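Everything below concerns the one structure shown next.
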Amino acid sequence: MTPSVLISNLTQEWVESLRKWHLEFFFIPTTVITLATLLANPVLLACIFLSRALRQETRYLLVANTLTADMLFLVLNLSIVICNAVRAQIPWLLCEVITAFSVTASCCAILTVTFMVVDTYAAVRWPLRYHDILPRRRTLRILVGLWVVAAIFPFTLVIMMEDLIGSPHGNVSVCLAIISLGLIHVNDRVGMHIYFFVAALICTLLILYCYIRLYMVTRTQGIWHSRFSRARVTLLAHGLLLLLYFAPGFVFTMELFLSHRKYISQDVLVWVSTVNMCVFILLPRAFAPYLYGLRYREISDTLMQLLQQHRKPSQVS
């Protein structure tokens, strides 16, 4: 069976399961969460880039990069979800490219959130040398590097899929990463699992090391004594957001593992993939503007100043 025929069969089976369980209605919560986030993120980005002081600081550049990556992912994800819901015929190459950009944006957001923890550790551990360690130019170069690292693997997979399928390209009624990745050869599939596992392991170990070292350095300063201290609340917010960012990735890895098991029902795979794509993977993007953005006093103060400046002309007129 040729890859083109296999893709057609897989997408047809997926469409039948979507119709059977009416899962196309999941585009409603996806649309609501996406629009709510797309309303908040540009406001926070405007606060950062319109303030000379904020756009010079490393932590706010990292927040801006996370919000930008999230916005790109949300737009692409919503486009895919709506196209799948209305069963629009999408060129297979376009589906692959959109998927690659989505994975790139998602991975870049996770890498940036991980680097936020490193940035916090560096600021607390070396307060006098912090600005020399991470000046603005170096931070910008690091952010470009994060985007490049995040893009290497998904676009390599696009090239591999093009080599596997060849041409001409047909249209598909469902655009899903799990279908295209499921066509990869067994040996390449093992390498893909190793790549995701090693990347997740490195990020997790780095985050744990920084948090443990932060606690050891600051435990004698009294900032952890109060149950609702700013340090505890900040750590809880960071931990919750990190969990929300990493959890969908582990669910997606489980999808890839289950997709090659004959004893797993197709309906189970469709349910898991739909809920992960339409709900789980959107939660960190919905919480990020509030857990990261508005918790910074400087951003909230800048937002209030912008609102006051907007009110004054309206009151004069």
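This structure is a prediction, so every number in the text was calculated from the model and none was measured.
- With sequence neighbours excluded, no residue forms a salt bridge (Lys or Arg N to Asp or Glu O under 4.0 Å) with D301.
- D267 and S17 share a side-chain donor-acceptor pair at under 3.5 Å.
- Listed by first and then second residue, the disulfide bond (SG atoms under 2.5 Å apart) pairs involving residues 54-98 are C95-C175 (not counting sequence neighbours).
- Transitive grouping of hydrophobic side chains (ILVMFWY, heavy atoms separated by less than 4.5 Å) brings V118 and L140 into a common cluster.
- At least one side-chain heavy atom of V117 sits less than 4.5 Å from a side-chain heavy atom of L242.
- Here the OG1-CG distance, from T112 to L61, works out to 11.0 Å after rounding to the nearest 0.5 Å.
- Taking the six-membered ring wherever Trp is involved, the centroid distance between the rings of F101 and F73 does not fall below 6.0 Å.
- Contact check for L54 versus I299: side-chain heavy atoms found under the 4.5 Å cut-off.
- Counting heavy atoms from C-beta outward, L176 and M277 have side chains that approach closer than 4.5 Å.
- No donor-acceptor contact under 3.5 angstrom links the side chains of N84 and W14, judged on distance only.
- You'll find the side chain of L39 stays beyond 4.5 Å of the side chain of L35, heavy atoms only.
- Hydrophobic clustering (side-chain heavy atoms under 4.5 Å, transitive across Ile, Leu, Val, Met, Phe, Trp, Tyr) keeps M116 apart from L243.
- In this structure, V124 and Y130 have side chains that are not in contact, with every pair of non-hydrogen atoms separated by 4.5 Å or more.
- The closest side-chain heavy-atom distance from V75 to L38 is below 4.5 Å.
- One finds the NE2 atom of H131 at 11.0 Å from the CD atom of Q56 (value rounded to the nearest 0.5 Å).
- Put simply, NE2 on H238 and OG1 on T120 are 5.0 Å apart, with the number rounded to the nearest 0.5 Å.
- For the salt bridge (charged side-chain N to carboxylate O under 4.0 Å, His left out) condition, the pairs that include at least one residue of residues 69-85, sequence neighbours left out, are D70-R285.
- To the nearest 0.5 Å, atom CG of residue L244 and atom CD1 of residue I281 are 12.0 Å apart.
- With S273 contributing its side chain and L269 its backbone, the two residues share no donor-acceptor pair below 3.5 Å.
- Shown here is F153, whose CZ atom has more than 12 heavy atoms of other residues, nucleotides or ligands within 6.0 Å.
- Judged by distance alone, the side chains of N77 and S102 never bring a donor and an acceptor atom under 3.5 Å apart.
- Hydrophobic clustering keeps I159 apart from V148 (ILVMFWY residues linked when any side-chain heavy atoms are closer than 4.5 Å, directly or through intermediates).
- Under the 4.5 Å side-chain heavy-atom criterion for ILVMFWY residues, no single connected hydrophobic cluster contains both V144 and L111.
- Listed by first then second residue, pairs satisfying salt bridge (charged side-chain N to carboxylate O under 4.0 Å, His left out) with a partner in residues 98-117 number zero, not counting sequence neighbours.
- Atom CD1 of I82 is separated from atom OG1 of T31 by 5.0 Å, given to the nearest 0.5 angstrom.
- Side chain of T30 to backbone of C278: a donor-acceptor contact under 3.5 angstrom is found.
- In this structure, M71 and L45 have side chains that are in contact, with non-hydrogen atoms separated by less than 4.5 Å.
- For E298, the salt bridge (Lys or Arg N to Asp or Glu O under 4.0 Å) criterion is met by R59, not counting sequence neighbours.
- T66 contributes a side-chain N or O that, together with a main-chain N or O of L62, makes up a donor-acceptor pair within less than 3.5 Å.
- Judged purely by atom type and a 3.5 angstrom limit, R213 has no side-chain atom pairing as donor or acceptor with the backbone of R125.
- Between the side chain of R138 and the backbone N or O of I133 there is at least one donor-acceptor pair closer than 3.5 Å.
- Side-chain contact between F26 and V81 is absent, with no heavy atoms from C-beta onward closer than 4.5 Å.
- Aromatic ring centres of W126 and Y121: separated by under 6.0 Å.
- With sequence neighbours excluded, the residues that form a ring-ring contact (aromatic ring centres under 6.0 Å, His included) with Y60 are Y296.
- With 3.5 Å as the limit, one finds a donor-acceptor pair spanning the side chains of T58 and T139.
- Note on L67: it clusters hydrophobically with L143, by side-chain heavy-atom contacts below 4.5 Å among ILVMFWY residues.
- One distance of note links OG1 of T104 with CD1 of I152; it measures 10.0 Å at 0.5 Å rounding.
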